[in-house]
Amino acid sequence: MRLATWNVNSVKARLPRLLDWLAGTEPDIVCLQETKCPAESFPVAEVSELGYAAAAHGDGRWNGVAVLSRVGLEEVTLSFPGEPGFAELDGVGAARPEARALGATCGGLRVWSLYAPNGRALDSPHYAYKLAWFAALRDALAEEMGTPLVACGDYNVAPTDADVWDPALFVGATHVTPAERQALAELLDLGLHDVVPTPMKGPHPYTYWDYRAGMFHQNKGMRIDLVYASTDVAERVRKAYVDREARKGKGPSDHAPIVVDLDPIN
DNA sequence: ATGGCGTGTTACACACGA
């Protein structure tokens with residue numbers, strides 16, 4: 001079974017590349033993030049022609065996550081239980097969750113496509129929101145730890161300094177703080193495992209490179225897209241790699257997909 | 001030191017991303 005996760009930075013803008021990549025890579029299950037389209041605008045028909053069922057969760061112009069599967073797509077959950085919204089956007093009322101999480105059961109695997117809040121700056125309310133979102137995610141995933149589980153997506157946290165091209169530039173910034181890394185540690189404490197992909201070039205399995213200033217060309221990137229797998233799934237991992245070919249050429253996303261090949265269940 | 005790119009919007013500059 002082949003599983004993948006990819007922050008596509010607009011599924012509409014990326015559609016030709018996404019379809020080419022699906023046809024060439026032939027994943028069974030794909031988690032997408034930053035689809036940036038309402039669920040009703042998701043290109044269901046186009047991916048269906050390649051044999052994929054699709055479940056999408058969208059807000060409109062921001063965020064948006066989806067799961068594609070050609071091995072079944074059941075028990076779709078939009079947002080995780082207890083997922084907080086960004087309170088300041090909704091004023092005094094209950095904050096509705098943004099479209100940052102979609103769960104589905106595909107081929108015996110419980111799959112989550114996740115797009116963590118960015119956090120923006122340490123003194124921003126978006127940073128507190130990010131930490132609250134991770135705490136609620138931990139509690140939600142704890143309820144599903146009995147079944148084969150993968151929580152894939154753009155976590156917007158670099159797990160270690162080795163996952164950032166220049167840690168000195170990130171002093172005082174989000175994505176690298178002890179609190180954010182503690183949030184990841186607490187997910188691992190549930191019994192999840194970081195499925196670290198093999199880089200296709202260079203020593204670092206970066207998954208994101210800024211569009212500007214030739215960052216990709218210089219391999220100045222970050223590893224912020226992660227695959228967290230329960231023990232039984234992690235033990236089935238035969239191969240995992242960053243598909244940096246998908247970051248090349250004209251009109252790429254700023255993220256590369258992670259592809260994970262799993263052995264069949266014994 | 002700064003910003004460099006790309007996406008979406010009811011746009012024709014701005015918000016956002018990491």
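Atom set for the values below is all heavy atoms of this structure, side chains included, hydrogens, waters and symmetry mates excluded. Chain A is the first sequence line, chain B the second, and so forth, proteins listed ahead of strands; every chain is numbered from 1.
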Taking atom CD of A:Gln218 as the centre, report whether more than 12 heavy atoms of other residues, nucleotides or ligands fall under 6.0 Å from it. yes

Quantified in whole Å, what is the P atom distance between nucleotide B:dG8 and nucleotide B:dA18? 15 Å

Who does B:dA13 pair with, Watson-Crick or G-U, both distances under 3.5 Å? B:dT9

Whole-Å P distance, B:dT10 and B:dA15: 14 Å

Which pairs, with at least one residue in residues 43-54 of chain A and sequence neighbours excluded, count as a side-chain hydrogen bond (donor to acceptor under 3.5 Å, both in side chains)? none

The complete set of salt bridge (Lys or Arg N to Asp or Glu O under 4.0 Å) pairs with one or both residues in residues 5-18 of chain A, sequence neighbours excluded, reads none

Determine whether a donor-acceptor pair (N or O, by modelled atom type, separation under 3.5 Å) exists between the side chain of A:Tyr211 and the backbone of A:Asp254. yes

For A:His126 and A:Phe86, take the angle between the two ring planes, folded into 0 to 90°, and tell me which bin it lands in: parallel under 30, tilted 30 to 60, perpendicular over 60. parallel

Using a 4.0 Å heavy-atom cut-off, write out nucleotides 10-18 of chain B from 5' to 3' as B (base contacted by protein), S (sugar-phosphate only) or - (no contact). -----BSSB

Calculate the interatomic distance between A:Asp59 atom CG and B:dT9 atom P; express it in whole Å. 12 Å

Could you tell me the separation between the CZ atom of A:Phe42 and the P atom of B:dG8, rounded to a whole number of Å? 14 Å

For atom C1', what is the distance between B:dT2 and B:dT7, given to the nearest Å? 22 Å

In whole angstrom, give me the gap between the P atoms of B:dC14 and B:dG4. 13 Å

Counting only N and O atoms by type, is there a donor-acceptor contact under 3.5 Å from the side chain of A:Asp163 to the main-chain atoms of A:Thr160? yes

What's the gap between B:dC16 and B:dA1 when it is taken at their P atoms, as a whole Å value? 27 Å

